[in-house]
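Here the structure comes first, spelled out in structure tokens, and everything after it is commentary.
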Amino acid sequence: MRVTAKTTVCAGLLALAAGAAQAQRTVPMANGIPVAPTGVADNPLPEGPFTYRTAEQMDIRVEVLARIEYPMALTFLPDRSMLVVTRKGELFQLAPESNTPRTVAGGPPAVFRGESGASGNWHGYMNVALHPQFASNGLVYISYNTPDGGGRRAAVGRGRWTGSAIEGFSDVWQAPSGAGGLVVMTFGKDGTLFLSGAGGDSQNMSIPGGKILRLNDDGSIPSDNPFARSASADKAIYTLGHRGALALAVHPTTGAVWQTENGPNGGDELNLLEPGANYGWPFVSLGRTYPGPWQRGDRPSHEVFEPPVAYWTPAIAVSGLMFYTGDALPKWKGDVFVGALRTGEIPGTGHLERLVFNENMEELRREILLWDLHQRVRDVKQGPDGYIYLATEQKDGAILRIVPAASK
Ligand SMILES: [Ca+2]
């Protein structure tokens, strides 16, 4: 038979159709979740520093400030030293320009297990924040999972900073007995404490799981909470319909509280929190379930419920959240930074992302930063010096600092 252009094309289409089923893969599963491939995981963090060109034509240098196992969050004391909490349940102080963390006594007992990134893991200490009037009352807040029988229970407590330790630590909030999970927090501009409620059941109004809560600094319920007069709801609830919240941050000019939220395989969200609003989980999602099908069943959707301001599919395991207001990195002033623990369900692909919004907080650009370092970027904070500080949450974790490349 003489081969014409037409028959060649037809044969090609037939081959494509026949091969379609074989082009798919059956991957190993564990508890209904694909076992992640580890070929690019476990890249040791080099000594550094590392210099980068960036999109806005501002060269940066990334310094390895200190090595700490599994740092989860950091915050700055007025003396410019840093408090760091770890998933092992440790509290450290890192003096300015020091690379040697000092153990701080007085925090609560905590429990952790498993590996970060694996399902079924528990974190010990998760977040640390200073009271808005820290200068006068010295109160340090820690969110953590405490042993509860053979299980765990999430809690937030506070203690007084003595200058070298924490004293008089006691809880201001506890999850229901047996309910553990990730609790992140931030103080609002009005002095109330926002926290993620640990655990799931995001549409059940009688429990804190899958909600963002709002409390007074002593744990009591603010009288203007959206469900403060509800007979059946947990009166601490501020917003509902969340999957895992990994960071809360206050917008520097509007004072609104923003949240980063993890979808499963895609559908990570950046949300602007409005009191009483429902953010849709698990009814809607822009992501897929871990085995592959869309979360919603037939297609990605976020109809009816409060939509995210930005979203990620595939997931980047969006984590720390910061609005950059500093002068030290001038080309980034006004930008939003988020940490990423891993991209597209592949361990070893964490990084930092920069999002550029217009004056209506509509997204214009995204820049992926520090990709080649392969770090789980858990927390992102602006330092009092205007530099950007990162906590990379893994066994060979570190505190990183981003400075202009030209600085000494
Ligand atoms: Ca949502």
Side-chain angles (χ1 to χ4, degrees), residues 33 119 127 179 181-186 188 194-214 225-227 233-234 236-251 254 256-323 336-345 353 355 357 360-363 366:
I33 298 173
S119 60
N127 217 189
L182 194 70
V183 177
V184 291
M185 54 187 174
T186 192
F194 292 81
L195 62 143
S196 56
D201 211 355
S202 311
Q203 301 290 332
N204 179 346
M205 292 298 286
S206 67
I207 61 167
K211 319 295 184 312
I212 301 300
L213 312 179
R214 178 174 178 254
N225 263 10
F227 303 102
D234 180 336
I237 293 173
Y238 187 69
T239 56
L240 62 143
H242 299 292
R243 198 168 176 273
L246 267 65
L248 293 166
V250 174
H251 189 283
T254 67
V257 178
W258 291 56
Q259 174 240 26
T260 57
E261 175 172 328
N262 276 200
N265 184 352
D268 288 2
E269 298 178 348
L270 174 63
N271 288 313
L272 164 57
L273 303 185
E274 304 275 2
N278 188 337
Y279 290 77
W281 182 262
F283 299 139
V284 295
S285 173
L286 297 167
R288 297 177 180 276
T289 60
Y290 288 114
W294 292 110
Q295 170 68 23
R296 188 173 181 256
D298 53 353
R299 68 193 69 183
S301 170
H302 213 290
E303 289 165 25
V304 181
F305 297 96
E306 200 64 37
V309 175
Y311 64 93
W312 289 262
T313 296
I316 62 166
V318 63
S319 187
L321 171 62
M322 179 195 71
F323 297 92
V336 175
F337 289 78
V338 296
L341 299 174
R342 70 178 192 184
T343 307
E345 305 304 319
E353 286 197 19
L355 289 84
F357 291 89
N360 298 319
M361 291 310 285
E362 295 159 332
E363 185 180 340
R366 273 181 215 195

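Counting starts at 1 for both ligands and their atoms, in listed order.
N278 and Q203 form a side-chain donor-acceptor contact under 3.5 Å, judged by distance and modelled atom types alone. Residues E261 and W281 bring no donor and acceptor atom of their side chains to less than 3.5 Å of each other.
A parallel orientation is assigned to the rings of H242 and Y279, their planes being inclined by less than 30° (bins at 30° and 60°).
The Ca ion (ligand 1) is the vertex of the angle joining NE2 of H302 and OE1 of E269, which measures 120° to the nearest 10°.
At a cut-off of 3.0 Å, Y279 coordinates the Ca ion (ligand 1) through an N, O or S atom. Residue H242 does not count as close to the Ca ion (ligand 1), with no N, O or S atom under 3.0 Å. For residue E261, no N/O/S atom approaches the Ca ion (ligand 1) to within less than 3.0 Å.
Because its NZ or CZ atom is not both nearer than 6.0 Å to the ring centre of W294 and within 45° of the ring axis, R299 does not count as a cation-pi partner of that residue.
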